[in-house]
Amino acid sequence: MKTETKSTVLVKHHLKSLKLPTMYAECEKIALRSAKENLDHLGYLLALCELELVDRERRAAERRLKAARFAAPKTLDAFDFDSRPSVNKPLVLELAKGDWIDQRENLLLVGPSGTGKTHLATALAMAACLQGRRVRFFRVTELITTLLEARDEKTLLRLRSQLGKQDLLVLDELGYVLASRAGAELLFDLIGQAYERQSLIVTTNLPFEHWTEVLGSERLTGAALDRLTHRCQILEFTGESHRLKDAQRRRRSKN
């Protein structure tokens, strides 16, 4: 066995022990390329380290995206701003940078069903994941059920602690189902816990004056809106449901 081969075996063994999988997989290939390009040892090491860092961030981003539990992946590129002229595109592109999350601000997306609120909320939250932020996505009905179950199973404090570690919580579809009194109070507690500690994206089909129909109490509604809108951007959606338009288009094509 040649000395070079022994060195390669030992290097790969050490890289595996150090849990550097990309460097382990690429060290021989990069060594050959470095030799052809007359790179010195530091140049070779730099190339390997850069590969490891890029791949490590890719894996971390994949874990964050999986942990966020998005209902379906969405991107800003796929959002049709032309069909939603009420949506402030320059503001959305600025929000995609994520500075508002670092400042613990909130984002409210308000408008009729089917106008793209969930798409945009998901796209902005996915961008936050890719930038290194911790995100968790909930439909509000799912969140309330989860909170009630945690309360009954006496794991509510642990759940609150887990959610409190997120940089951004997405609360999707507020207003589609009436909350019980207990559910509304738990939802308000979550909003209160997040206030000035983390950011929230809330999508809703209800104008603010109708939130009492969901939360059931003017006092609770007022306090929730006070916290949500204190440091907040609001995006308004208007127009017909794109799902309704698609259904009508399909029916016409069949006739």
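Applying the ring pair (Phe, Tyr, Trp, His ring centres under 6.0 Å) test to every pair with at least one member in residues 27-56, sequence neighbours left out, gives no pairs at all.
A tilted orientation is assigned to the rings of H230 and Y195, their planes being inclined by 30° to 60°.
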Problem - Residues E185, R219; criterion salt bridge (charged side-chain N to carboxylate O under 4.0 Å, His left out); working and verdict - result: CA-CA 11 Å; E185 289 175 350; R219 177 188 59 81; 5.2 Å; no
Practice task
Under the salt bridge (charged side-chain N to carboxylate O under 4.0 Å, His left out) rule, what do D80 and R84 come out as? Steps first, then yes or no, please.
Solution key: CA-CA 7 Å; D80 186 1; R84 300 294 172 219; over 6 Å; no
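The shortest distance between side-chain heavy atoms of L228 and F208 does not fall below 4.5 Å. Proximity of M126 to L65: side-chain heavy atoms (C-beta onward) are separated by under 4.5 Å at one or more points. Looking at L156 and L186, their side chains come closer than 4.5 Å, going by heavy atoms from C-beta outward.
Between the side chain of Q198 and the backbone N or O of Q166 there is at least one donor-acceptor pair closer than 3.5 Å. Put simply, the side chain of S161 never gets that close to the backbone of L157: no donor and acceptor are under 3.5 Å apart. With T115 contributing its side chain and T238 its backbone, the two residues share no donor-acceptor pair below 3.5 Å. Judged by distance alone, with hydrogens and angles left aside, the side-chain atoms of T155 form no donor-acceptor pair with the main-chain N or O of R158 at under 3.5 Å. Counting only distance, with no hydrogens or angles, the side chain of K74 and the backbone of T118 share no donor-acceptor pair below 3.5 Å.
Rounding to the nearest 0.5 Å gives a distance of 5.5 Å between CH2 of W211 and OG1 of T204. Atom CZ of R56 and atom CZ of R59 lie 6.5 Å apart (nearest 0.5 Å). The SG atom of C49 sits 10.0 Å away from the CG atom of L42 when rounded to the nearest 0.5 Å.
In terms of heavy-atom proximity, K117 sits nearest to V110 at CD-C, 3.8 Å. Residues C129 and A68 come closest through the heavy atom pair SG-CB, 4.1 Å.
Salt bridge status for E52 with K19: absent, with no side-chain N to carboxylate O gap under 4.0 Å. Contact check on D102 versus R133 returns a salt bridge, with a Lys/Arg side-chain nitrogen under 4.0 Å from an Asp/Glu carboxylate oxygen. Between E62 and K66 no salt bridge is recorded (no basic side-chain N to carboxylate O distance below 4.0 Å).
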